[in-house]
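Have a look at the structure below, then the notes.
A note on names: the letters A, B, ... follow the listed sequences, proteins ahead of strands, and every chain is numbered from 1. Note that this is a predicted model, so its numbers are computed, not measured.
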There are 2 protein chains.
Amino acid sequence: MSLPHAILTALLEKPSSGLELTRRFDKSIGYFWSATHQQIYRELGKLEAEGLIRALPAEQPARGQRKSYEVLPAGRAELARWTAAAQDPKPMRDTLLLRLRAAAVVGTAGIEADLRRHLELHERQLAEYREIEKRDFPPGRDSPQDRLHHLILRAGIDLETFWTQWLAHALQEFTALPAGGPAPGVTDGEASNGGAGTTPRR
Amino acid sequence: MSLPHAILTALLEKPSSGLELTRRFDKSIGYFWSATHQQIYRELGKLEAEGLIRALPAEQPARGQRKSYEVLPAGRAELARWTAAAQDPKPMRDTLLLRLRAAAVVGTAGIEADLRRHLELHERQLAEYREIEKRDFPPGRDSPQDRLHHLILRAGIDLETFWTQWLAHALQEFTALPAGGPAPGVTDGEASNGGAGTTPRR
DNA sequence: CCCCATTGTGCAACTAGTTGCACAATGGGG
DNA sequence: CCCCATTGTGCAACTAGTTGCACAATGGGG
């Protein structure tokens with residue numbers, strides 16, 4: 001739905017080959033819209049077929065050769081259209097929260113280690129964003145583009161900040177919980193055989 | 001990937017028919033794992049075929065009739081396994097941030113209204129979460145299950161708080177921007193024909 | 001009694017994203 | 001010179017989620 005527009009944006013910022021795009025999707029743009037190289041090549045083909053981008057004239061366009069693309073006017077127009085069009089935020093899907101909800105039923109055994117790991121990953125990401133902020137947005141720069149890019153980076157920083165704080169709080173909560181976590185089968189308030197979860201009832 | 005586990009969790013909390021599940025996915029569980037009724041029916045079929053759930057014996061199991069399901073021991077075991085298994089956070093994909101990045105290239109014309117709309121939507125969601133918190137988590141309740149459920153709700157509240165604050169900040173930033181937003185084609189620092197974005201160059 | 005809105009279940013086709021390869025060109029090390 | 005790791009491009013099959021219907025049962029209004 002949005003990959004073609006992510007690619008158009010990246011190509012407008014700088015005409016690139018598939019591999020260069022892949023690298024840029026591993027940082028910068030990819031921080032909020034990830035894509036694999038296979039997706040990118042496929043989409044480049046479609047965009048070219050639709051006349052939104054074109055391959056830059058290269059010396060020898062043999063296979064296994066870099067092919068760079070640039071955005072055509074129709075591509076820019078499509079991107080402007082898409083950017084301005086209203087879009088509903090799509091409903092969230094978060095595995096970790098779902099697992100926690102499941103843990104409330106089947107027990108928290110085993111999940112704590114992974115929470116800790118996620119905390120570390122988010123801390124690392126946060127540090128990386130802060131590094132970028134320091135490097136790319138020193139106090140002086142405030143052209144409209146800088147402001148927008150900074151705003152986007154700020155969203156990343158604030159989101160990672162939320163996750164690190166929430167995860168830290170969750171882990172704290174866990175240490176206060178009875179050892180091994182809540183027993184399974186508690187929602188109905190009746191007795192259950194409980195246990196490790198792998199034991200079949202009756 | 002996670003839908004079957006979301007369904008197992010919901011069914012463990014309370015055996016339900018497809019429609020009941022659909023309703024519960026429109027609130028509660030669905031706040032962090034959304035699913036359509038078609039997805040749910042399809043998945044119920046698979047789970048039953050795999051022996052993880054079974055249909056509760058009903059009076060007349062004719063078509064067009066409610067069929068309720070309950071989780072079998074194998075289903076509970078699978079859910080416990082999945083909950084404890086390590087999982088990498090999957091890379092984020094956020095359309096709004098992508099559109100803002102595109103706007104930095106093709107101009108911000110038209111996007112502001114949608115930011116305002118998103119702000120309202122997030123404010124409404126936040127209010128709803130706060131309502132639920134007040135209703136379901138009065139000061140006294142703090143069984144392990146309550147604590148976990150509250151923790152999850154807190155994540156929702158904090159996320160919506162982030163979005164409302166960030167969007168408010170973004171809108172503020174916009175009023176400070178030159179009218180109509182940045183001109184297109186600015187990244188190379190050279191002159192461009194700028195304009196509305198639909199005008200082809202040359 | 002029959003029409004029609006509502007409730008409930010489900011299939012089929014499609015779109016987007018992921019996984020697992022295949023294979024060409026390049027260039028340095030033995 | 002030839003092997004083999006690296007770089008770069010791409011196809012094919014699969015999985016997950018979405019969209020658009022179809023159709024049965026139920027129950028109230030004319």
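In this structure, K46(A) places its NZ atom 14 Å from C1' of dG10(D), rounding to the nearest Å. If you measure from atom NZ of K90(A) to atom C1' of dT19(D), you get 17 Å, rounded to the nearest angstrom. Taking atom CG on D88(B) and atom P on dG17(C), their separation rounds to 19 Å, with Å as the unit. In this entry the distance linking NE2 of H5(A) with P of dG17(C) reads 12 Å, nearest Å. Taking atom CD of residue E48(B) and atom C1' of nucleotide dT9(C), one finds them 13 Å apart after rounding to whole Å. Distance, D26(B) CG to dT7(C) P: 13 Å, rounded to whole Å.
More than 12 heavy atoms of other shown residues, nucleotides or ligands fall within 6.0 angstrom of atom CZ in R93(A).
The stretch residues 29-43 of chain B touches DNA chain D through W33(B), Q38(B), Q39(B), R42(B), each having a heavy atom within less than 4.0 Å of the strand.
The partner of dA24(C), taking Watson-Crick or G-U wobble pairs whose two distances both stay under 3.5 Å, is dT7(D). With a cut-off of 3.5 Å on both Watson-Crick or G-U wobble distances, the partner of dC14(C) is given as dG17(D). The partner of dG30(D) is dC1(C), judged by Watson-Crick or G-U wobble contacts that both fall below 3.5 Å.
Close to dG17(C), at under 4.0 Å from its OP1 or OP2, lies no side-chain N or O of R93(A).
The stretch residues 91-111 of chain B participates, sequence neighbours left out, in no ring-ring contact (aromatic ring centres under 6.0 Å, His included) pair at all. Applying the ring-ring contact (aromatic ring centres under 6.0 Å, His included) test to every pair with at least one member in residues 27-50 of chain B, sequence neighbours left out, gives these pairs: Y31(B)-Y129(B).
What you find for A35(B) and F25(B) is that their closest heavy atoms are CB-CD2, 3.8 Å.
Aromatic ring pairs are classed by plane angle as parallel below 30°, tilted from 30° to 60° and perpendicular above 60°; the pair H118(B) and H122(B) is tilted.
S28(A) and R101(B) form a side-chain donor-acceptor contact under 3.5 Å, judged by distance and modelled atom types alone.
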